[in-house]
Amino acid sequence: QAKLTGRNRYHFFDADLDEQVRTHHNRRTEVRAALRAGQLRLHYQPKLDMRSGRIIGMEALLRWQHPLRGLVGPMEFLPIVEHSDIIVDIGEWVLREALRQLQTWRAEAPHWVVSVNIAARHFQRADFVERLGAILAEFPDVPPAMLELEILESSALSDVAHVRAIMQACQRQGISFALDDFGTGYSSLSYLKRLPADTLKIDQSFVRAMLVDREDLHLVSAIINLARSFGMRIIAEGVETVEHGAMLMRLGCDLAQGYGIARPMPADEVLPWVAAFDSAPLWQAAAQLPPI
Ligand code: C2E
Ligand code: MG
Ligand code: MG
Ligand code: MG
């Protein structure tokens, strides 16, 4: 009798665990199927040079056009596949799609740079540079200098020497790099010094806190000065209001991205949006700011 209960329990537990594994497996399979079925989309969010009022490029942001759930954001499905090679297939799809889009924008906007987010697992693959070169070769009309890769500062922490070598190999082809969500990782200054990033991207949490918390304001100011002294460009993300933009300009940050400028949008809306964009409200707000 006791034995039987024990065995039943064991089976019960086993089935439960099995179901968890299966659910995870199913969700991964679903994401892979979405890629194959052509349900992934790229939306684009403009990057603004606040001083000149010019749009300098776009960040490509992944979406899943789900047949039942509608438009699904990347945080809802990329974490499911970030530890599998599906993330590499998705990353290569994103690169091709962004380059294809650049090809059509090139005549209208030859000076634009389009940024693509690259997952750590993808970026750290031994064949990353080689495969990226092959993908670029499929688009001979697009200069590699129009492509920027955004990597998280944390994705480089494991092996700085290796990451540095990959970055330099890409840079020799003309591709530039931004360190995304900067300030949220654990990188030290000596680590930052060893990464040849072209741009630092101030995380939106600091931008959001900057107007209400004096210490966050000083933190943003310090990051901007740090980027300057390392010869890096600096862009703020999460710029939701003209007040954010104005304060950032006051602190010496020229580039901005956020809902206050534009939300990410489908590719076909980009050129009409750019034609209608007016940066005057930002400058008016900046002119009214008191000195810090
Ligand atoms: P991220 O690269 O830091 O991108 C910025 C995120 O903040 C985007 O969310 C964007 O829509 C959102 N955002 C932009 N401006 C504002 C603002 O003013 N306020 C607020 N609250 N949010 C703003 P999204 O599109 O959901 O992407 C989330 C993250 O998913 C990205 O963060 C990036 O890490 C990842 N991701 C997106 N697309 C890709 C991709 O193609 N490949 C990979 N590996 N990761 C991607
Ligand atoms: Mg990004
Ligand atoms: Mg970011
Ligand atoms: Mg982020």
Side-chain angles (χ1 to χ4, degrees), residues 31 34-35 39-48 50 57-65 70-101 113-125 128 132 135 147-156 176-185 197-211 220 223 233-245 247-248 255-267 269-270 273 282:
V31 176
L35 171 66
Q39 292 171 358
L40 299 186
R41 304 280 181 273
L42 288 184
H43 281 198
Y44 295 88
Q45 187 178 37
K47 298 188 181 199
L48 172 68
M50 295 186 281
M58 300 284 151
E59 177 174 5
L61 292 160
L62 190 62
R63 303 288 182 261
W64 176 1
Q65 185 66 61
L71 204 60
V72 178
M75 299 315 283
E76 286 182 59
F77 63 95
L78 286 184
I80 300 167
V81 294
E82 71 185 347
H83 299 299
S84 88
D85 282 337
I86 302 170
I87 196 74
V88 179
D89 294 338
I90 290 179
E92 294 192 342
W93 179 85
V94 170
L95 282 165
R96 280 196 181 87
E97 178 62 17
L99 287 165
R100 199 190 54 75
Q101 189 56 57
V113 171
V114 167
S115 319
V116 167
N117 295 283
I118 300 289
R121 184 186 175 94
H122 185 187
F123 183 64
Q124 287 168 356
R125 274 174 68 109
F128 178 77
L132 177 60
I135 292 170
L147 182 64
E148 177 178 67
L149 303 180
E150 295 194 2
I151 58 171
L152 297 172
E153 52 172 334
S154 55
S155 65
S176 55
F177 280 90
L179 285 185
D180 207 349
D181 298 359
F182 188 76
T184 62
D198 303 275
T199 302
L200 286 192
K201 221 169 169 183
I202 307 176
D203 189 66
Q204 44 185 286
S205 59
F206 302 118
V207 175
R208 199 165 298 135
M210 159 187 88
L211 295 182
V220 170
I223 294 175
R233 300 200 315 165
I234 182 110
I235 181 163
E237 64 178 19
V239 177
E240 294 189 349
T241 64
V242 286
E243 288 77 16
H244 288 148
M247 180 57 83
L248 287 160
L255 307 178
Q257 186 183 343
Y259 294 170
I261 298 153
R263 289 185 176 253
M265 60 187 104
E269 292 176 18
V270 166
W273 179 87
L282 245 178

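A quick note: this is a predicted structure, and the numbers were derived from the prediction, not measured. Indexing begins at 1, ligand by ligand and atom by atom, following the structure's order.
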Assess Glu59 for proximity to ligand 1: is some non-hydrogen atom of it under 4.0 Å away? yes

Below a 4.0 angstrom heavy-atom separation, can you tell me which part of Met75, side chain or backbone, both or neither, approaches ligand 1? side chain

Verify the distance test for Glu237 against the Mg ion (ligand 3): any N/O/S atom under 2.8 Å, yes or no. yes

When you measure from the heavy atoms of Gly238 to every atom of ligand 1, does any distance fall below 4.0 Å? yes

Quick one: which of Pro264, Gly73, Ala98, Pro79 has a heavy atom closest to atom 11 (O) of ligand 1? Pro264

So which of Gly91, Ala236, Pro74 gets nearest to atom 35 (C) of ligand 1, if we judge by its closest heavy atom? Pro74

If we set the cut-off at 4.0 Å for heavy atoms, which region of Leu42 has an atom near ligand 1: side chain, backbone, both, or neither? neither

Flag Ser115 as yes if one of its N/O/S atoms falls below 2.8 Å of the Mg ion (ligand 2), otherwise no. no

Just to the nearest 10 degrees, tell me the angle at the Mg ion (ligand 2) spanned by Glu59 OE2 and Glu150 OE1. 90°

Nearest to the Mg ion (ligand 3) - the N/O/S atom of Asp181, by atom name: OD1

Does only the side chain of Asp181 get under 4.0 Å from ligand 1, or the backbone, or both, or neither? Count heavy atoms. side chain

Considering only heavy atoms, does Asp180 approach ligand 1 within less than 4.0 Å through its side chain, its backbone, both, or neither? side chain

Can you tell which of Gln257, Glu237, Gln45, Arg121 gets a heavy atom nearest to atom 15 (N) of ligand 1? Gln45

Within the structure, is a non-hydrogen atom of His122 found at a distance of less than 4.0 Å from ligand 1? no

Does the distance from a Lys or Arg side-chain N to an Asp or Glu carboxylate O, for Arg208 and Glu237, drop under 4.0 Å? no

Report the atom name of the nearest N/O/S atom of Asp180 relative to the Mg ion (ligand 3). OD1

Report yes or no: does Arg63 have a heavy atom closer than 4.0 Å to ligand 1? yes

Any Lys/Arg nitrogen of Lys201 or Glu59 sitting under 4.0 Å from an Asp/Glu carboxylate oxygen of the other? yes

Within-cut-off N or O pair, Leu62 and ligand 1, under 3.5 Å: yes

Is Arg233 atom CZ crowded by more than 12 heavy atoms from other residues, nucleotides or ligands, each under 6.0 Å away? no

